[in-house]
Every structure is written in structure tokens, then in C-alpha cells.
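Below is one structure, written out as C-alpha cells; comments come after it.
Just so we're clear, the structure is a prediction, and the values are computed from it rather than from any experiment.
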There are 2 protein chains.
Amino acid sequence: MSTGVRSNESQEEPVSARVRAEDRECPLSTAMSYVGEWWTILILHDCFDGYTRFDQFEANIGLSSSMLTSRLKALVDSGVLVKRAYQERPVRHEYVLTDFGRSLRPILVAMAAWRNAQLAPEDRAMILVDTGTGREVEPAVIDTATGLPVSDPRFVFTAGPAAGEQMLERYRRGNGR
Amino acid sequence: MSTGVRSNESQEEPVSARVRAEDRECPLSTAMSYVGEWWTILILHDCFDGYTRFDQFEANIGLSSSMLTSRLKALVDSGVLVKRAYQERPVRHEYVLTDFGRSLRPILVAMAAWRNAQLAPEDRAMILVDTGTGREVEPAVIDTATGLPVSDPRFVFTAGPAAGEQMLERYRRGNGR
DNA sequence: CAGTATCCTGTCCGATACTG
DNA sequence: CAGTATCGGACAGGATACTG
């Protein structure tokens, strides 16, 4: 799990997302292989709100049980959740976030904040609050060095040290910048 | 476009994502209807890097031309891109980000930052840099009031003023918190 | 309740061919 | 080059039925 990618699998080998992510060696693609699916985001949302059980996910999200089974399995396989029996006879499981899974929360927050920023405060259906003060949080994605929002045009993507040929080509002179 | 949701459409009415987003009245779902697809993220990435043309997207992303056509159309319909002829005879178009489209960039940055944080600096294939200083940016999602990262457990989601029954139910006493 | 297994439909998406 | 139209296979995902 050091690379953060799905570890095992049955004998079958589908998972187009994984292949695409590695082929592209791009952090965005890798991130998409984790949070690029509706159900995954919705399940994570539930988890961040403290829900842990199959029927809770099913009720909150409203997906079919077979889909939920397969999504949960994928999340466990990829190290985002762990499945744990919390009682025997009958055996009952709970699904809880790993540290790795918790690390995804800022992405969800950024997405929710993006949408809420388009709405007047009184039109927001879900908000982030500071339990210390009770006040609504206004999240921002910033550069930790300067504190500036990353939407500032001075910040641009470019090839990193481990860039492959495709990535280098992408950032060679010639794009519209 | 004030609500940021797709405006028009041909006579046909597919777009399952839109329906789901509105039904759920959840900012995460709405965000997912915009950035929940691989191709959309990849196209946006290209746009943020200054690419504007059909063949550039095709070469960088490697998707089929028919898919690219339909993804671009969706992005134009949803107000993320505008299609503009930059020359006549033969007519050639470019696709450029609207302000609304540009507002999505922090989400992409948060995703890339999430992945890069798992890698040693020398293992990163793509990074964000400050063109002022030339240094790599370490982005963070923070609360603008306190400056604390939103990963801090004091920050939690809860129902907002416009929460509907489903959202209220979700945050009533009873989840695992 | 907590799932698993099976079926079936719609849609994603690449391949191919065509147009100005 | 910058697309559009059509075809067909693979798979996502709901509905339903079954199990301990």
C-alpha cells in the first residue's frame, strides 16, 4: 500500500481505473482512481460523518446493496476503509476509515466549499462548522508558504522530478501559456 | 447560470448526474456532477495548463474523438468552457475556461496535493510551483478564519440553513459521532 | 439485519468511417 | 485538421431473489 494503490484482487483483472492511473503517472489520475466515483464520494461522506454500517450507507446513499458491497470491497482493498467485526453471532461488521482514508477529507471539503461558494449562506444545505466556536467554516485551498489561495495565477502546474516522457512533453514549450 | 447548473439541452434529457445532484441537494453531489468524471478532470487539467484546442486535448488525454466531442459539449453546456471561433475559413474553435470553470481549479489542486503528499518530493511527476519564486508549492485546505487545516477534527459537516428533510435526518442525533 | 448471487438494461467509450 | 455519425462490446448499476 506504499504506493497507495489497490493491493490484491481475485483472479480476474478488471479495474480500468487503476491501469489508467499508473499509465499516466499523474497525481490527478491517481486521485481520481480513489475519489472519481460518485458512490465512493458518498460513502466517504458518510464515513466522515461517523456512519460505519452497511445499512446506514444503504439508507443514506440509496444505492443497491450489490453495488454497495462492491464499492465497500474496493475501498477496503485500496486501504481507505477497514472492515471489522464488532460482534459475533450473528457476526456484524463495521467499516471505518484508515488514516489513509481520512487523508481524503480535504478533497471532499474543497468540493463542498466550491459549491457552497456559489450559494448565498442561507441557501446552503450542508456546511462545515467549527465545533469549537459553532461558526461556519469558509475553507480555502492555499499555498502554505505564502498563504495565498492557489487560484492565484502565479501558481501553475509543471513537471516534477519524477516526470516521465509524457509529462515532460506536456510541459515543454508549446502549450498556450 | 447563477446556480451553476446546466442550462440548456437538446430535446433529449439524459444527464443522470444532474438529476442525482439536485435530488440530493448536497454540495458534494453537485460538485461531483461537475468534476466526477475522469475525462472532465483531464480536460480541465489541460485547460488550466493553457491548452485550448481539440487536437491538443486528444493528444494529451488519449480519448476517442467522439468522446471528446461529447465531453466538450457537456462542459460548454454546463458553463465551464466557452467555445469560440478563433479563425474563419476554415473555421477553427478554441475552448477556454470561463470564470466559473476556473473556480474549479482549487479542487484539482487539492487532489494533486493529496497524491503528492504520499510521495517523496523526488518521486513527484507533476507539481505546483510559484512562478514568482520558482519553488514548489505545498497546498493545504484550511479554515480561513483560524488558518487551521480542515483535517482538524474540530471541523465537521452539518446541516445548513437550506437543508431538506433528508439532510436534516442525516445530521440528527444517531450517527456514530 | 448484513450481505451475496443472478439477471438485465442502459450507457460509456473505443473503433471506424465520413465531412468541410 | 477539427470535428460528427454510427456501430458494437464491455461494464455500471438497479431489481430481485436468496442466505445465515
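By the salt bridge (charged side-chain N to carboxylate O under 4.0 Å, His left out) test, Arg84(A) pairs with Glu94(A), sequence neighbours left out. Shown here are the side chain to side chain contact (heavy atoms under 4.5 Å, CB included) partners of Pro153(A), two or more places apart in sequence or in another chain: there are none.
The other members of the hydrophobic cluster of Val82(B), by chain and number, are Val96(B) (side-chain heavy atoms under 4.5 Å, ILVMFWY only). Grouping Ile, Leu, Val, Met, Phe, Trp and Tyr by side-chain contacts under 4.5 Å, direct or through others, puts Ile142(B) with Ile142(A).
For DNA chain C, if you chain together Watson-Crick or G-U pairs that step i with j, i+1 with j-1 and so on, the runs of at least three with distances under 3.5 Å are C:1-20 with D:1-20.
Here the P atom of nucleotide dG13(D) and the CD atom of Glu37(A) are 6 Å apart, to the nearest Å. When rounded to the nearest whole Å, the span between OH of Tyr95(A) and C1' of dC1(C) equals 12 Å. Atom pair Glu58(A):CD and dC1(C):P shows a separation of 9 Å (rounding to whole Å applied).
Pairs passing the salt bridge (Lys or Arg N to Asp or Glu O under 4.0 Å) check and including a residue from residues 52-70 of chain A, sequence neighbours excluded, read Arg53(A)-Asp55(A). Residues in residues 159-169 of chain B take part in these salt bridge (Lys or Arg N to Asp or Glu O under 4.0 Å) pairs, two or more places apart or across chains: Glu165(B)-Arg172(B), Glu169(B)-Arg172(B).
Note on His93(A): a side-chain N or O is less than 4.0 Å away from OP1 or OP2 of dG3(C). Under 4.0 angstrom from either OP1 or OP2 of dC1(C) there lies no side-chain N or O belonging to Arg53(A).
No more than 12 heavy atoms of other residues, nucleotides or ligands lie within 6.0 Å of CZ in Arg135(A), so this atom counts as exposed by the packing criterion.
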What's touching nucleotides 15-20 of chain D from the protein side, N or O pairs under 3.5 Å?
residue: dA15(D); atom: N6; partner: Ser66(A); partner atom: OG; Å: 3.1

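Here the side chain of Tyr86(B) is nearest to one of dA2(D), dA2(C), dG14(C), namely dA2(D). In the set dG3(C), dG13(D), dG14(C), dG3(C) carries the atom at the smallest distance from any side-chain atom of Lys83(A). Here the side chain of Thr69(A) is nearest to one of dG14(D), dG3(C), dT4(D), namely dG3(C).
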List, one per line, each side-chain donor-acceptor pair under 3.5 Å for residues 99-113 of chain A, sequence neighbours excluded.
residue: Asp99(A); atom: OD1; partner: Arg102(A); partner atom: NH2; Å: 2.8
residue: Ser103(A); atom: OG; partner: Phe100(A); partner atom: O; Å: 2.5
residue: Ser103(A); atom: OG; partner: Trp114(B); partner atom: NE1; Å: 2.9
residue: Arg105(A); atom: NH1; partner: Phe155(B); partner atom: O; Å: 2.9
residue: Arg105(A); atom: NH2; partner: Val150(B); partner atom: O; Å: 2.7
residue: Arg105(A); atom: NH2; partner: Asp152(B); partner atom: O; Å: 3.3
residue: Arg105(A); atom: NH2; partner: Phe155(B); partner atom: O; Å: 2.7

